[in-house]
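Presented below is the structure to which this report refers.
We count residues from 1, following the sequence as given.
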Amino acid sequence: MRPHYRDSGTGQPLLLVHGWGGDSRVWDPIPLPGYRVVAVDLRGHGRSPVPDEGYRPADLAADLAELATDLRLGPVVAIGHSMGAQVVTALAVEHPGTVDALVVVDPAYGADAAEERLFEERLSAVREGGAAAVSHLGDLPPDVRRQFLATPGHVLAKCYAGMYTDPGAFGARPAAERYLRRRACPVLCLRSLAEPAAWEAALGGHPLSRVVVWAGTGHFLHLERPAAFAALLTRWLSTLEGDVRGWRRGGIPS
């Protein structure tokens with residue numbers, strides 16, 4: 001299924017993937033001149049079609065792989081926030097030829113044991129509807145809150161289950177550790193908290209991968225500091241020039 005997308009049309013392609021209950025407009029504050037920005041509305045979100053099923057990260061990633069092929073993007077730098085970070089991770093694992101590198105922003109994987117015990121309670125709240133679900137998310141940027149409340153309830157519930165409770169979900173740490181080790185590409189991970197950042201860094205991976213912590217920020221840290229996020233992204237991508245194609249030919253260096 002082809003999702004709705006916006007395409008700036010020129011430059012190095014960046015595939016931007018929003019989080020749970022959001023849509024492509026969430027990226028508008030991020031200044032990315034000089035890049036070809038392809039920002040998508042995942043299925044069920046924004047202006048994309050709203051099927052009854054197909055809301056696991058792997059399903060959403062399959063939509064992106066098809067879109068990348070249709071648009072002839074070539075291997076792309078895929079950037080995902082929260083649930084979007086799960087989706088681009090699934091894209092890199094299940095469709096590795098589609099991805100050169102990943103940027104994951106406060107990803108919705110790696111929940112510790114205490115958070116894992118809340119999964120079923122939160123899923124029950126989500127099934128009550130958007131207003132009940134949003135109460136579990138704390139403060140949201142106003143635009144994001146409006147997007148979330150406009151997202152159909154079954155989409156929110158099935159996306160949440162796909163991330164955390166369905167068979168094959170990799171939201172909890174043990175499953176995430178197994179799944180993330182299948183990512184072969186360089187990954188820039190930006191976290192708001194030091195402990196999950198340390199957990200992710202300990203997983204290892206490609207030698208060009210990097211984990212960054214912005215202390216004192218919230219879950220939407222890229223929107224709190226949009227210019228700083230764009231600068232971080234640009235600096236990291238510059239370190240990959242001349243190297244990314246090498247890892248694709250030769251695999252992960254030892």
Could you state the interatomic distance from SG (C185) to CG (L91), rounded to the nearest 0.5 Å? 9.0 Å
By ring-ring contact (aromatic ring centres under 6.0 Å, His included) - contacts of H219 (at least two apart): H81
What's the spacing between L42 CG and L64 CG if we round to 0.5 Å? 6.0 Å
Is there a donor-acceptor pair closer than 3.5 Å between any side-chain N or O of S48 and the backbone N or O of D41? yes
As a quick check of understanding, evaluate side-chain contact (heavy atoms from CB on, under 4.5 Å) for L223 and V26, giving each step before the final call. CA-CA 8 Å; L223 301 183; V26 76; 3.7 Å; yes
On a heavy-atom basis, which atom in V103 and which in V88 lie closest, and how many Å separate them? O-CG2, 4.4 Å
Just jot down the ring-ring contact (aromatic ring centres under 6.0 Å, His included) partners of F119, sequence neighbours excluded, or say none. Y164
If you compare all heavy atoms of G97 against all heavy atoms of P75, which two are closest, and at what distance to 0.1 Å? O-CG, 3.7 Å
side-chain contact (heavy atoms from CB on, under 4.5 Å), that's the test. Do V50 and R43 meet it? Break it down for me. CA-CA 6 Å; V50 187; R43 66 165 62 191; over 6 Å; no
Give a yes or no on whether a salt bridge exists between R117 and D112, defined as a side-chain N under 4.0 angstrom from a carboxylate O. no
D52: which residues meet the salt bridge (Lys or Arg N to Asp or Glu O under 4.0 Å) condition with it, sequence neighbours left out? none
Ignoring hydrogens and angles, tell me if any N or O in the side chain of T234 forms a donor-acceptor pair with the backbone of A230 under 3.5 Å. yes
Test side-chain contact (heavy atoms from CB on, under 4.5 Å) on Q12 and V77; report intermediate values, then the result. CA-CA 9 Å; Q12 178 187 2; V77 176; 3.8 Å; yes
For residues 149-164, the salt bridge (Lys or Arg N to Asp or Glu O under 4.0 Å) pairs (sequence neighbours left out) are E53-K158
Backbone N/O of S24 and side chain of R6: donor-acceptor pair under 3.5 Å: yes
Enumerate the ring pair (Phe, Tyr, Trp, His ring centres under 6.0 Å) contacts for residues 83-117, please, sequence neighbours excluded, ordered by first and then second residue. none
Is the shortest heavy-atom distance from the side chain of L190 to the side chain of V104 under 4.5 Å? no
According to salt bridge (Lys or Arg N to Asp or Glu O under 4.0 Å), who are the partners of E115, at least two apart in sequence or on a separate chain? R122
In sequence, state the C-alpha distance, the side-chain angles, and the governing distance for H222 and W27, and then conclude on ring pair (Phe, Tyr, Trp, His ring centres under 6.0 Å). CA-CA 9 Å; H222 57 312; W27 298 101; 5.1 Å; yes
All side chain to side chain donor-acceptor pair (under 3.5 Å) counterparts of S192, not counting sequence neighbours: D106
Please, which pairs that meet salt bridge (Lys or Arg N to Asp or Glu O under 4.0 Å) have at least one residue in residues 217-239, sequence neighbours excluded? none
Residues forming a side chain to side chain donor-acceptor pair (under 3.5 Å) with W199, sequence neighbours excluded: E177
Sequence neighbours excluded, every pair satisfying salt bridge (Lys or Arg N to Asp or Glu O under 4.0 Å) that has a member inside residues 8-26: D23-R25
Look at the side chain of T151 and the backbone N and O of G21, then say whether any donor-acceptor pair between them is shorter than 3.5 Å. yes
Is a side-chain N or O of T165 found less than 3.5 angstrom from the main chain of L123, in a donor-acceptor match? no
Quick one: does F170's side chain get under 4.5 Å of L180's, heavy atoms only? yes
Can any side-chain N or O of S209 pair as donor or acceptor with the backbone N or O of L188 at less than 3.5 Å? no
State the CG-OH distance between D63 and Y5, to the nearest 0.5 angstrom. 13.5 Å
So, does H206 use its side chain to make a donor-acceptor pair with the main chain of V187 at under 3.5 Å? no
Would you find a donor on one side and an acceptor on the other, under 3.5 Å apart, between the side chain of W236 and the backbone of L208? yes
Reported NE2-to-NE2 distance for the pair H45 and H4, which is rounded to 0.5 angstrom: 14.0 Å
With sequence neighbours left out, what residues match D143 under salt bridge (Lys or Arg N to Asp or Glu O under 4.0 Å)? R146
Under the salt bridge (Lys or Arg N to Asp or Glu O under 4.0 Å) definition, can you give me all pairs with a residue in residues 195-210, not counting sequence neighbours? R173-E195, R183-E200, R191-E200
